[in-house]
Colleague: 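Got a structure for you, questions after.
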Amino acid sequence: LHIAILASVLSLIIYWLIRDSHRVRNWRGKHVFITGCDTGLGNSLAKWLDKRGFCVIAACATEKGGQELQSCSSLSLKTVNLNLADSNSIARAVVFVTEETAGKGLFGLVSNAEGTAPVAPTDWLRIEDFHSVLDVSLLGLTEITLKLLPLLKKAEGRIVNLINAKGLMAFAGGGYSLSKWGMEAFSDTLWIEMQHFGVKVSIVEHGFFKAGVVNSDVITKYLLRLWNRLTPEIRDSYREKYFVE
């Protein structure tokens, strides 16, 4: 029994030593670029890293989101407008990050974007409904990662892709799950390829967190709008009873 206890204590000590050896040290002055900082997880992370001395560059989809974030952060936190569905907006954000890092490279890229997510039976949707999610949460994040790789390689930095774990379950039609599974595959490939350059790639599969009140009336109205635009043939295949239940 005593040997078992001693072995457990030694194992914990070894674990703590290994864990502490992987902690980031001397982080002050290191630049971290975070997408999706208007609200939610990206917003909270930007504030948290800013308080700990990182040079945070926070990408916001709206000017209001950027102004509100700056109002409760230090002067070292910078914001930039970013529309991940627009290649020109991505290019401007990359120029901004390049200028801010001033030749030092980018220590961290945290990708966090949900996009709009229409959830409905698959044949209720049109291809533009898929684009509204995939253009932001998969293709947009992929594009900005590719354009920032030179800065990340220069600093031997790290990429952290935040992926909502509920998106890895195919519980409804639409592009939401497609975007999450796509980011998993993209991250896994990048993790293998970037090891040669000293760039670390991680996936954080977070659970559901309360970022706001879900309005069931809005969801119902959206589904009703989709229902009303269906062709008579598709609508008849479901019947009114399916929609009500």
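Every heavy atom of this structure was used, including side-chain atoms; hydrogens, water molecules and symmetry mates were not.
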Colleague: Can a donor-acceptor pair be found, under 3.5 Å and without considering hydrogens, that links the side chain of K30 to the backbone of C55?
Modeller: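 Between the backbone of C55 and the side chain of K30 there is no qualifying donor-acceptor contact (under 3.5 Å).
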Colleague: Measuring from atom CD1 of I57 to atom NZ of K78, what distance do you get when rounded to the nearest 0.5 angstrom?
Modeller: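 I57 CD1 to K78 NZ: 9.5 Å, rounded to 0.5 Å.
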Colleague: Does a side-chain N-to-carboxylate-O contact under 4.0 Å join D129 and R229?
Modeller: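 So D129 pairs with R229 through a salt bridge.
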Colleague: Would you call C37 and T79 a side-chain contact if the rule is heavy atoms closer than 4.5 Å?
Modeller: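 They are not in contact (no side-chain heavy atoms under 4.5 Å apart), so the answer is no.
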Colleague: Spell out, yes or no, whether L146 and V201 are grouped together once hydrophobic residues are joined by side-chain heavy atoms under 4.5 Å, including indirect joins.
Modeller: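 Same cluster.
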Colleague: Rounded to the nearest 0.5 Å, how far apart are CG of L69 and CG of L77?
Modeller: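 So the gap between those two atoms works out to 5.0 Å.
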Colleague: Establish whether I144 and V95 are linked, either directly or via other cluster members, by ILVMFWY side-chain heavy-atom contacts under 4.5 Å.
Modeller: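 No; tracing contacts between hydrophobic side chains, which count when under 4.5 Å, never links both residues.
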Colleague: Would you give the length of the straight line joining atom CD of E100 to atom NE2 of H31, rounded to the nearest 0.5 angstrom?
Modeller: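 If we round to the nearest 0.5 Å, E100:CD and H31:NE2 are 6.0 Å apart.
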Colleague: So, taking the atom named CD in Q67 and the one named SG in C72, what distance separates them when rounded to the nearest 0.5 Å?
Modeller: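 Atom-to-atom, Q67:CD and C72:SG are 12.0 Å apart.
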Colleague: Side chain of S179, backbone of Y176: donor and acceptor closer than 3.5 Å?
Modeller: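 Confirmed, S179 side chain pairs with Y176 backbone.
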Colleague: For the CG atom of L149 and the CD1 atom of I159, what is their distance to the nearest 0.5 Å?
Modeller: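 Taking CG in L149 and CD1 in I159, the distance rounds to 5.0 Å.
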Colleague: So, the side chain of S73 versus the backbone of Q70: is there a donor-acceptor pair under 3.5 Å, distance only?
Modeller: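 It does not hold such a pair.
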Colleague: Check for a donor-acceptor pair, side chain of N112 on one end and backbone N or O of G36 on the other, with a separation under 3.5 Å.
Modeller: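 Flag set: sc N112 to bb G36 pair under 3.5 Å.
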Colleague: Under a single-linkage definition using a 4.5 Å side-chain heavy-atom cutoff for Ile, Leu, Val, Met, Phe, Trp and Tyr, are W48 and F107 assigned to the same hydrophobic cluster?
Modeller: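 They do share one cluster, since a chain of ILVMFWY contacts under 4.5 Å joins W48 to F107.
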Colleague: Can you check whether W124 and Y238 have ring centres sitting under 6.0 Å from each other?
Modeller: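 Yes; Y238 has its ring centre under 6.0 Å from that of W124.
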Colleague: Quick one: does any side-chain atom of D38 pair with a main-chain N or O of T62 as donor and acceptor, under 3.5 Å?
Modeller: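 Yes, the answer is positive, given that a donor and an acceptor are paired below the 3.5 Å cut-off.
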Colleague: Evaluate E184 against E205 for side-chain contact (heavy atoms from CB on, under 4.5 Å), listing each step before the verdict.
Modeller: CA-CA 10 Å; E184 288 266 347; E205 294 177 355; 2.4 Å; yes
Colleague: Please determine if K153 forms a cation-pi arrangement with F197, meaning its NZ or CZ atom is less than 6.0 Å from the six-membered ring centre and no more than 45° off the ring axis.
Modeller: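 Ring-cation test returns yes.
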Colleague: Answer yes if the side chains of S74 and D50 hold a donor-acceptor pair under 3.5 Å, and no otherwise.
Modeller: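 Yes.
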Colleague: Who are the side chain to side chain donor-acceptor pair (under 3.5 Å) partners of K47, not counting sequence neighbours?
Modeller: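 Only N43 meet the side chain to side chain donor-acceptor pair (under 3.5 Å) criterion with K47.
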Colleague: Is the backbone N or O of T98 less than 3.5 Å from a side-chain atom of T101, with the two atoms forming a donor-acceptor pair by type?
Modeller: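 Here the side-chain-to-backbone pair exists.
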Colleague: So, does S89 use its side chain to make a donor-acceptor pair with the main chain of N83 at under 3.5 Å?
Modeller: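 Yes; at least one donor-acceptor contact below 3.5 Å.
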Colleague: Donor-acceptor pair, R235 side chain versus N228 backbone, under 3.5 Å?
Modeller: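 Side chain of R235 to backbone of N228: a pair is present.
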Colleague: Only counting residues at least two apart or in another chain, list the ones meeting salt bridge (Lys or Arg N to Asp or Glu O under 4.0 Å) with E68.
Modeller: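 Once residues adjacent in sequence are excluded, E68 has no partner under the salt bridge (Lys or Arg N to Asp or Glu O under 4.0 Å) criterion.
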Colleague: Checking T189 now: which residues fulfil side-chain contact (heavy atoms from CB on, under 4.5 Å) with it, not counting sequence neighbours?
Modeller: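 Applying side-chain contact (heavy atoms from CB on, under 4.5 Å) to T189 gives E193.
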